[in-house]
Amino acid sequence: MTTRKRAWNNSAFANCTKSDSCAETVVVDNDAETVPSNDLTGEAKIIGNNEKQQTTKTVSKSLKNTPNWIDIFEPSMSDDVAVHPKKLAELQNWLLHCEAVHKQHPAQICLLTGPSGAGKTAAARVLTRSMKYEWQEWINPVDRDFINTLGDQTSSYNGSQLDLFKSFLFRSSRYKSLFGREKRLVIVEDFPNIILSNTDTFENILEEYSKYGKSPLLFIVTDSKTRSLNVSYNLFTEQVKNKYHINHISFNPIAVTLMQKAMKRFCTLMKTPQLADTYCVPSQTIIDSIIIAAQGDVRNAIINLHFASIKGAGTLPIERLESGEVKGKSKKKMSTLKTIRRDESVTMMHALGRVFNPKHLPNGSFIHKPEDITDSFTSEPKRFINLIHANYLPHFKDIEHIVEAGDALSIADNIISEYREDALAVTALNLAVRSIMVANQTPVSAWLPIRAPTRNQQGFGPKSQQMTGISTNLYATDYGSYVHIIQGVKKI
Amino acid sequence: MALWVDKHRPRELSKLDYHKEQAENLRNLCQQGDFPHLMFYGPSGAGKKTRIMCLLRELYGAGVERLRNETMTFTTPSNRKVEVMTVGSNYHLEVNPSDAGIYDRVVVIDLIKQVAQTHQIDAAGQREFKVIVLSEVDELTKDAQHALRRTMEKYVATCRIILSVNSTSRVIPAIRSRCLGIRVAAPNEEEITTVLQLTCKREGLTLPAEFSKRIVEKSEHNLRRALLMLEACKVQQYPFTGQQDIVELDWQVFLRETANQIVTEQTPAKLEKIRDRLYELLAQGVPPDMIFRGLVEELVRNCDMSLKAKTLEYATLYEHRMQNGAKHIFHLEAFVAQFMNIYKKFMSESMMMDDF
C-alpha cells in the first residue's frame, strides 16, 4: 500500500478551493521537476489515502500562505507558452488527429522530447486544458511502510511497481472517473525504474496498450547528454517507434526572442495587485542576463527571476561577458549572472575542436580556458581522454610537438588508472587537455572528422579455442603461426 | 593429432630432460605429508607447466592425466557473465584467470571457493587436498592478487595452489611469501639440442647438427618455440638441410617491419600508421610488454650508437608507465614519438655535417 496507490482516480476534491485541498501539497512535494498542476482547472489530482490526508492537512495550512511561486507563472493560454508556435501546432495536430481517429484507433502514442525547461509539460498542459482533455498522469509511487491505525508495523509489501504501472495505464485509459471529463489523455513523464533497465518489458507494455488502450498516451522525456541515461534513446528506438506508430515531437531549447516575450509576461504578472507586495520588477539588464544565463531553459529563468525580483533581496551579482566576436554592430554590453548560471552545455565534438584548434586572445592566453573544457567533462574523463588520443595526431604538423602531447597523454593515463581517487581523474583530464592545447603550436587547419577511439578487442580466433589449456596470449606469441603451418598442410 | 610439444612432453619427474636435481627435490617434496603452495617461475618455454603436470602425477598417479575441458561461468557483481575455460581432472583444476580480463578477481575468488568447498571423495586413499593450477598469475590485476592472497589462506585445509609465473616482480610480495618458489631456468643450448635430437629420433627423423644449431639460436632459449619451429620446418621441407629456411613468427616479422617504417619516415601521418599497426598486434593478443621489447630491440639495431642510450632511456621510462597505466597504446605511441623526434634531429644534424 502506498501513498500514491490509486493515482489514476480523479480526486473528489478537484473542485474544492485551494484552501482545503490537501492534494495540492502532495503534488508539490513530489513533483518538483514538472510544473505542478493548477488545481483551479479541475484536473486529475493525485491524492493519498486517508492516512496521508490526515498528516498533510496540517502541513497544507502553513503552505497556504506561500503558494508555489513557480505556479504563478504557468501559462494559461497557448499564446503564453514560450514554445515555438510551430512545435506547439505539431502537438496540437497530434491531439486533433487522436480525436479524428478515436473511433478506430483510440490508443495513439506520442513521444515528446526536448531539453529540460523547454516547456514540454507546460505545452502539454495548456493544450489538454484548451482541448478539454482530462490530464491523467503517472507518478512513481514512493515505497513507504505505512503504519496502520493500531500502530503495528504491518505489511511492507508494496506490490510490483510494474504491475501498478500497467494497471494504471489500462484503467486510466478505459474508465473515466465519476467527476471527470469524457476525453482523457494519459501522461507518462515519470518512468518506473524497472522499465529503464528492461526494454523488453516496455515493448510488451506498448504492445498491450496499442491493442487495449482507449485513450491517447503521451510520453514526456527530457533529453540528456549521456547515452546511458537517455530514456528516449534507450526505450524509444527507431524500431519501436515505427512498430507502434509513435509520433515523435522534439522541442528545442527556447529561443531568446520567445524567452524575452515570456519574461515580459512574467513581469506584467508581477505587477498585478496580488503579487506586487512580494515582487518588484528588476532592471532590464538583470532580465537580459537572466535570459542569457538560462540558455533556453525557461524553468531556470523563472527561478532566477523569482530570486532577482523578490522584495528585500539584494541584486544578483552580474558578470560581464567577454564579447570578443561581436564586431561593432551591437555595442550593448552583454552580461550574465555570476553565481546561479546554467553551465554552458558544450558537446563533446565542440570541445574537441576547442582542444585541437585553440584560439588565442591578443595577449596570448586561450579564449576557451582548459579549465572550462575540463569542467564540462568531469563526469566522463576517460572517454574524453580516449577521444583526444584517437584524434590528436592529424592536428599536428611537427613530430617535435607530438612528443610533448604524447608524453602528457601517457602521464594522464597513469594518473587516471588510480581509480580510487575521483579528483585524480579530473587532474588527468586537465593535464591532457592543457598539454594538447599548449603543445600544438602550429595546428593543422583542415577538415578532420572526429573518429571514435579504437576498442582493443582481443582476437579469439577459432584456433585458440581448439587448443584448450593455452591462454590467448601464449597462442598469439608462440603457437599461432606454427600451428597454422603444421595443421594447414596436414589437413591436405 | 597432437603437436610434438604435447606428444613428447615428459610425463614423469624421473623422465625430465634437464634440471634433474630439481626434479629429485620435487619428488622428495611429494613424499612428505606437508605440501605447501608452490610458485613455479621462469621464462616462457622453460618447462614450468611440464614440471607442474609431472608433480601432479607424482602426487595422484595416472588419474590426473584423464583430463576434461570445462567452461565455467562466473557472474560479476555487475551481473555480467564471464566464461573461462578450465582443464581439470578429479584431483586438480587448471585455469588461466587472466583470460577473464578485468573480471579476474571474481574468477579467482569463486573458482577457489567452488573447488575448495568440497572435500576429496575418497580421503583415505588420496591426499586430503585438491590442487588448483593458476597460470600467468603475474598478468592478474593487483585486486585479483589480493583476493587470491586471502582465499589461499582461507581454504588451505582442502586445497593447494600451484602458481605459474613468468616474472615474480609482478606478483605482490604477500603471495610470494605464501608460496614455495621454484625457479625453472630456461634450458641452455646443449639441453635444447639434446631435446631436439631426442624428439627427432622418436619421430624417426634425422636432424643435421648445423640445422639444429640454427633452430636453437632462433628459439631464444624457448624450448616450446624450438619444438614448434622444428615441426613447422619438418612440414615445410623434409629431409632437413643445414641451410633451409626457418619459419619465423609472423608477429615478429610484423614488428620488425613496423620498426623499419619508424626509421624511414618521421611524420605525424606515419605515427598514425604505426599506431594502427600496434593496435593490430594488440588485437592479435600479443602482450604489450613483448611488443615493447621487440620494438626497442629492432630500433636499437637500426640506429646510431649515440642514439642507443637515449632510446633505451625513453624505453625504460615508458615501459614503466605502461605497467602502471591502463591503455598500453598511449605509452607505446609516446615512445615511438620520442624516438622519431630524436632520430629526426640526429639525421638533420648529420646532414648538416655532411654539407661541410
Side-chain angles (χ1 to χ4, degrees), chain A residues 382 385-386 389-390 392-419 444 453-461 464-465 467-491, chain B residues 1 3 5 44-45 49 67 69 85 87 94 96 98-99 101 135-136 139 222 224-225 228-229 231-232 234-236 247-251 266-269 271-272 275-276 279 282-287 290 318 321-322 324-331 333-338 340-341 344-345:
Chain A
K382 246 184 202 158
I385 289 182
N386 288 347
H389 176 257
Y392 78 106
L393 281 180
H395 293 271
F396 282 73
K397 235 179 220 145
D398 204 337
I399 198 87
E400 210 175 324
H401 302 147
I402 290 186
V403 167
E404 271 176 65
D407 188 55
L409 281 176
S410 140
I411 295 177
D413 177 54
N414 268 356
I415 297 177
I416 213 165
S417 306
E418 184 51 64
Y419 56 92
V444 176
T454 314
R455 289 243 177 99
N456 187 14
Q457 70 274 73
Q458 287 212 329
F460 292 99
S464 67
Q465 295 281 324
M467 315 257 305
T468 46
I470 297 170
S471 77
T472 36
N473 282 355
L474 201 57
Y475 185 84
T477 48
D478 276 5
Y479 284 87
S481 25
Y482 296 133
V483 171
H484 200 67
I485 293 169
I486 297 165
Q487 290 185 335
V489 177
K490 279 194 176 170
K491 262 177 207 157
Chain B
M1 177 214 69
L3 296 169
V5 210
S44 183
K49 188 62 75 51
L67 295 175
N69 296 321
M85 291 287 289
V87 181
E94 191 187 320
N96 184 351
S98 61
D99 275 351
S135 40
E136 292 185 22
E139 300 290 332
N222 185 335
R224 173 177 44 233
R225 208 177 282 177
L228 282 164
M229 231 181 247
E231 191 177 353
K234 190 248 153 189
V235 170
Q236 286 196 324
V247 193
E248 279 188 274
L249 285 163
D250 39 13
W251 66 269
Q266 295 87 32
T267 57
L271 183 55
E272 210 168 358
R275 178 205 282 176
D276 290 342
Y279 263 134
L282 286 171
Q284 288 289 316
V286 183
M290 286 181 94
Y318 288 109
R321 280 198 199 154
M322 189 173 76
N324 290 329
K327 299 283 272 184
H328 306 301
I329 193 76
F330 279 41
H331 311 282
E333 190 177 290
F335 167 71
V336 174
Q338 289 280 13
M340 279 183 165
N341 189 30
K344 198 178 174 192
K345 276 207 182 116

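Lettering follows sequence order; numbering is per chain, from 1. All values below were derived from every heavy atom in this structure, side-chain atoms included, with hydrogens, water molecules and symmetry-related copies excluded.
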> Of His331(B), Glu333(B), Gln338(B), which meets side-chain hydrogen bond (donor to acceptor under 3.5 Å, both in side chains) against Ser410(A)?
Replying inline: His331(B)
>> Quick check: closest heavy atoms across Asp413(A) and Lys327(B), and the distance to 0.1 Å?
In response: OD2-N, 3.1 Å
> Do you know the tightest heavy-atom contact between Ala334(B) and Gly406(A)?
Replying inline: CB-O, 3.5 Å
>> Among Val403(A), Asn414(A), Asn386(A), which residue has the highest count of heavy-atom pairs closer than 4.5 Å to chain B?
In response: Asn414(A)
>> Given heavy-atom pairs under 4.5 angstrom as the criterion, report whether the side chain, backbone, both or neither of Ala269(B) touches chain A.
In response: neither
>> Does any backbone or side-chain atom of Ile416(A) lie under 4.5 Å from a heavy atom of chain B? Answer side chain, backbone, both or neither.
In response: neither
>> Can you tell me how far apart CG (Leu409(A)) and CZ (Arg321(B)) are? Round to the nearest 0.5 Å.
In response: 10.5 Å
>> Can you tell me which portion of Ile415(A) sits under 4.5 Å from chain B's heavy atoms? Options are side chain, backbone, both or neither.
In response: neither
> Would you say the side chain of Ile385(A) lies within less than 4.5 Å of the side chain of Phe330(B), judging by non-hydrogen atoms?
Replying inline: yes
>> For the interface with chain A, which of Ser44(B), Gly45(B), Ala326(B) has the highest count of heavy-atom pairs at distances below 4.5 Å?
In response: Ala326(B)
> Counting heavy-atom pairs under 4.5 Å to chain A, which of Lys344(B), Glu139(B), Met322(B), Met229(B) comes out on top?
Replying inline: Met229(B)
> In terms of heavy-atom pairs under 4.5 Å with chain B, which of Asp398(A), Val444(A), Ile411(A) leads?
Replying inline: Ile411(A)
> Where on Asn222(B) is there a heavy atom nearer than 4.5 Å to chain A: the side chain, the backbone, both, or neither?
Replying inline: side chain
> Sequence neighbours excluded, which residues qualify as ring-ring contact (aromatic ring centres under 6.0 Å, His included) partners of Tyr318(B)?
Replying inline: none
>> Is Lys382(A) close to chain B through its backbone or its side chain, or both, or neither, when contacts mean heavy atoms under 4.5 Å?
In response: neither
> What pair of heavy atoms forms the shortest contact from Ile402(A) to Ala337(B), and how long is it?
Replying inline: CG2-CB, 3.9 Å
>> Among Asp250(B), Val5(B), Asp276(B), which residue has the highest count of heavy-atom pairs closer than 4.5 Å to chain A?
In response: Asp250(B)
> In terms of heavy-atom pairs under 4.5 Å with chain A, which of Met340(B), Arg225(B), Glu272(B) leads?
Replying inline: Glu272(B)
> Closest approach of His389(A) and Ile329(B), non-hydrogen atoms and distance?
Replying inline: CE1-CG2, 3.6 Å
